[in-house]
Amino acid sequence: MHQVTVLGATGSIGKSTLDVIARHPEQYQVYALTCHSDIDTLIAQAKICQPKHLVVAQSALYDSLKQQASSANLQCEIHAGPQALCDVASADDVTQVMAAIVGAAGLLPSFAAVKAGKQVLLANKEALVMSGELFIRAAADNNATILPIDSEHNAIFQCLPTSYRYADLKGAGISKILLTGSGGPFRDCPIEQLQNKTPEQACAHPNWSMGRKISVDSATMMNKGLEFIEACWLFGVKPADIDVVIHPQSVIHSMVQYKDGSVLAQMGNPDMRTPIAHAMAYPERIESGVAALDFAALTDFSFFRPDFARFPNLKLAIDAAAQAQFASTALNAANEVAVEAFLQGHIRFTDIADINRATLDLANEQSLTCIDSVIEYDGQIRRLALQAVKGAA
Ligand code: NAD
Ligand code: MG
């Protein structure tokens, strides 16, 4: 029986995770659920899955959560604040941690799970982008397993030979990783119209229903850029080993090309419960609730090269992946600030890439040798990005 902590339970990935868990009560017990501030959703979830612990990251909400849990007759311990997130991610009883907090806020709890040697189901790509080698090394040093939840990385993982999954892909005869992406909601819109796109339009993804930050990242293709960096770290490959392929239907979730010409693809309906169920049960298979793919109903199956003029953020990320860690950390921090400013209506859609580029140009090269230095650097870059936002607003 797995004891599972779901970090970011109230978000899109968190909800899909609880949906999969509810289908297998004999295999998974929820140890802890966490949220940022949506305590109504957290309580509703707790009534169903009866966790041992509830955590709200916003310390000021401790009393409200305590009161609501008591009114709902929940038999669980209540905690608040960032340290509590790390505690429930690393507690002795926990065997599996779903790392599904969005953004840099997920770094410390995800890292705590890795340091405690847990099986870490990693959705929080920003944590890996920010800390790359430190994160992967901590996993190796502490016997933690990282199983990718991002649908592309989960697909790649499934297409790799079992014995080579985290190292020496060349030795396994692999010539390329083909990272697919839909191109988001603005793939075909005239480039000159991009500057007028609203947060609502950016968040209306054609194939996936996701949180607002990743939805904007999908519209700018920064999401694919972050995934590019994520893939370099997860699979121990260089930027030259990865090609990005636009595949608007999101049926193929990514591919691995071998030197004999074979290409293996993982396919399925675009529903995150498939990669979640795969990682939760690995190496077994369990029902996820996702309908089987109906090939006869697929009307089109198309592929394109990405257009960097339309998606400058993707180019920024690919370039950052070729540099030392600081570049990816800086890009992630600038992007989080810019996306938030866009979602708040302070800047235009096209300002996001301009702010990211301007911030990277000002970022000092720095060697990031511990998680504290990563957090400190992330803060420095956020201050630079906020100035750039003020300039654009
Ligand atoms: P979301 O916005 O729907 O949910 C985010 C969760 O994180 C919520 O539970 C929220 O309460 C919590 N959270 C936010 N800020 C926090 C903070 N400061 N401290 C503690 N908790 C905080 O996001 P999502 O779409 O579920 O994405 C979560 C992560 O998974 C992201 O890193 C995203 O890139 C990744 N991911 C998502 C999808 C998807 O389909 N949604 C696919 C692949 C990867
Ligand atoms: Mg993805």
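A donor-acceptor contact shorter than 3.5 Å links the side chain of N142 to the backbone of A138. Remark: side-chain polar atoms of R310 are paired, donor with acceptor, to backbone N or O of R187 under 3.5 angstrom. At least one donor-acceptor pair under 3.5 Å links the side chain of T180 to the backbone N or O of I252. At distances below 3.5 Å, at least one donor-acceptor pair connects side-chain atoms of K118 with backbone N or O atoms of V94. One N or O on the side chain of S373 and one on the backbone of T369 form a donor-acceptor pair closer than 3.5 Å. Panel note: side chain H24, backbone Y28; no donor-acceptor pair is recorded below 3.5 Å. Not one N or O on the side chain of N269 forms a donor-acceptor pair closer than 3.5 Å with the backbone of D271. Using a distance-only test at 3.5 Å, with no hydrogens or angles considered, a donor-acceptor pair links the side chain of K176 to the main chain of A240. For the pair E365 (side chain) and F326 (backbone), a donor-acceptor distance under 3.5 Å is absent. In this structure, S70 contributes its side chain and K66 its backbone to no donor-acceptor pair below 3.5 Å.
In this structure, F157 has its ring center no closer than 6.0 Å to that of H153.
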Review point. How far apart are the C-alpha atoms of L85 and I101, what are their side-chain angles, what is the distance that settles it, and do they pass the side chain to side chain contact (heavy atoms under 4.5 Å, CB included) test?
Key: CA-CA 10 Å; L85 298 172; I101 292 174; 4.2 Å; yes

Review point. What do the steps show when you test T41 against Q45 for side chain to side chain contact (heavy atoms under 4.5 Å, CB included), and what is the final call?
Key: CA-CA 6 Å; T41 302; Q45 292 175 329; 3.9 Å; yes

Practice item. List the steps and the verdict of salt bridge (Lys or Arg N to Asp or Glu O under 4.0 Å) for E200 and R212. Key: CA-CA 9 Å; E200 279 54 48; R212 283 166 74 78; 3.7 Å; yes

Point to revise | Criterion side chain to side chain contact (heavy atoms under 4.5 Å, CB included) on V102 and E126, from CA distance to verdict | key: CA-CA 7 Å; V102 59; E126 295 92 347; 3.9 Å; yes

Review point. Should H79 and D87 be marked as a side chain to side chain contact (heavy atoms under 4.5 Å, CB included) after you check the CA-CA gap, both sets of side-chain angles, and the distance that decides it?
Key: CA-CA 10 Å; H79 317 265; D87 293 344; over 6 Å; no

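Under the 4.5 Å side-chain criterion, counting only non-hydrogen atoms from C-beta, I381 is not in contact with T329. Contact check for L108 versus P82: no side-chain heavy atoms found under the 4.5 Å cut-off. Side-chain contact between L134 and Q325 is absent, with no heavy-atom pair separated by less than 4.5 Å. With contacts defined as side-chain heavy-atom distances shorter than 4.5 Å, the pair E227/L179 qualifies. Contact annotation: the side chain of I78 approaches that of Y62 to within less than 4.5 Å [non-hydrogen atoms, C-beta and beyond]. Within the 4.5 Å cutoff, side-chain heavy atoms of I174 are placed close to those of L160. Counting heavy atoms from C-beta on, the side chains of C203 and L343 come closer than 4.5 Å. Contact of the I347 side chain with the D354 side chain is not registered, since no non-hydrogen atoms from C-beta on lie closer than 4.5 Å.
The hydrophobic clustering, which links ILVMFWY residues whose side-chain heavy atoms are closer than 4.5 Å, places M267 and M272 apart. One hydrophobic cluster, built from ILVMFWY side chains closer than 4.5 Å, holds both W233 and Y377. Cluster annotation: L18 and L54 are assigned to the same hydrophobic cluster (Ile/Leu/Val/Met/Phe/Trp/Tyr, side-chain heavy-atom contacts under 4.5 Å, transitive). Under the 4.5 Å side-chain heavy-atom criterion for ILVMFWY residues, a single connected hydrophobic cluster contains both L298 and V263. Linking ILVMFWY residues whenever their side-chain heavy atoms come closer than 4.5 Å, directly or via other members, places Y282 and I146 in the same cluster.
A salt bridge does not link K238 with D241: every distance from a Lys NZ or Arg NE/NH1/NH2 to an Asp or Glu carboxylate oxygen is 4.0 Å or more. Note on R357 versus D361: no salt bridge recorded, every NZ/NE/NH1/NH2 to OD/OE distance being 4.0 Å or above. Ion pairing between D19 and K15 fails under the 4.0 Å rule for side-chain N and carboxylate O.
How far CD1 of I318 is from SG of C232: 9.5 Å, rounded to the nearest 0.5 Å. Between the CG atom of L65 and the CD1 atom of I39 there is a distance of 5.5 Å, given to the nearest 0.5 Å. A distance of 5.5 Å separates CD of Q201 from CZ of F186, quoted to the nearest 0.5 Å. Here F308 contributes atom CZ and M221 contributes atom CE; the two are 8.5 Å apart, rounded to the nearest 0.5 Å. Distance check: I48 CD1 to I21 CD1 gives 12.0 Å after rounding to the nearest 0.5 Å. Atom-to-atom distance recorded for S328:OG and L360:CG is 9.0 Å, nearest 0.5 angstrom.
Annotation for H253 and G268: closest pair NE2-O, 2.9 Å, computed over non-hydrogen atoms. Among all heavy-atom pairs drawn from L226 and N332, the shortest one is CD2-OD1, 4.0 Å. A pairwise comparison of heavy atoms in M280 and V4 identifies CE-CG2, 4.4 Å as the closest pair. Nearest approach of P239 to F228, heavy atoms of both residues: O-CZ, 3.4 Å. Nearest heavy atom pair, residue A202 against residue A219, reads O-CB, 3.8 Å. Taking each heavy atom of L314 and G225 in turn, the nearest pair found is CD1-N, 3.6 Å.
When the options E152, M130, E230 are evaluated for a side chain to side chain contact (heavy atoms under 4.5 Å, CB included) with K125, the one that passes is E230. Remark: of the listed residues T34, T17, L121, V55, T34 is the sole one forming a side chain to side chain contact (heavy atoms under 4.5 Å, CB included) with L7.
Side chains of Q158 and N154: a donor-acceptor N/O pair is present below 3.5 angstrom, by distance only. Between H2 and T95, the side chains place a donor N or O and an acceptor N or O closer than 3.5 Å (distance only, hydrogens not considered). No hydrogens or angles considered: a donor-acceptor pair under 3.5 Å links the side chains of S110 and N124. Between N313 and N356, the side chains place a donor N or O and an acceptor N or O closer than 3.5 Å (distance only, hydrogens not considered). In this model, no donor atom of one side chain and acceptor atom of the other lie less than 3.5 Å apart for D63 and Q67. S182 and H205 are linked by a side-chain donor-acceptor pair at a separation below 3.5 angstrom, with hydrogens and angles left out of the test. In summary, the side chains of T10 and D38 do not present any donor paired with an acceptor at a separation below 3.5 Å, with no hydrogens or angles considered.
Within 6.0 Å of the CD atom in E287, the count of heavy atoms belonging to other residues, nucleotides or ligands does not exceed 12. At most 12 non-hydrogen atoms from other residues, nucleotides or ligands lie less than 6.0 angstrom from NZ of K315. Atom NZ of K52 has more than 12 neighbouring heavy atoms from other residues, nucleotides or ligands inside a 6.0 Å radius. Heavy atoms from other residues, nucleotides or ligands lying under 6.0 Å from CD of E192 number more than 12.
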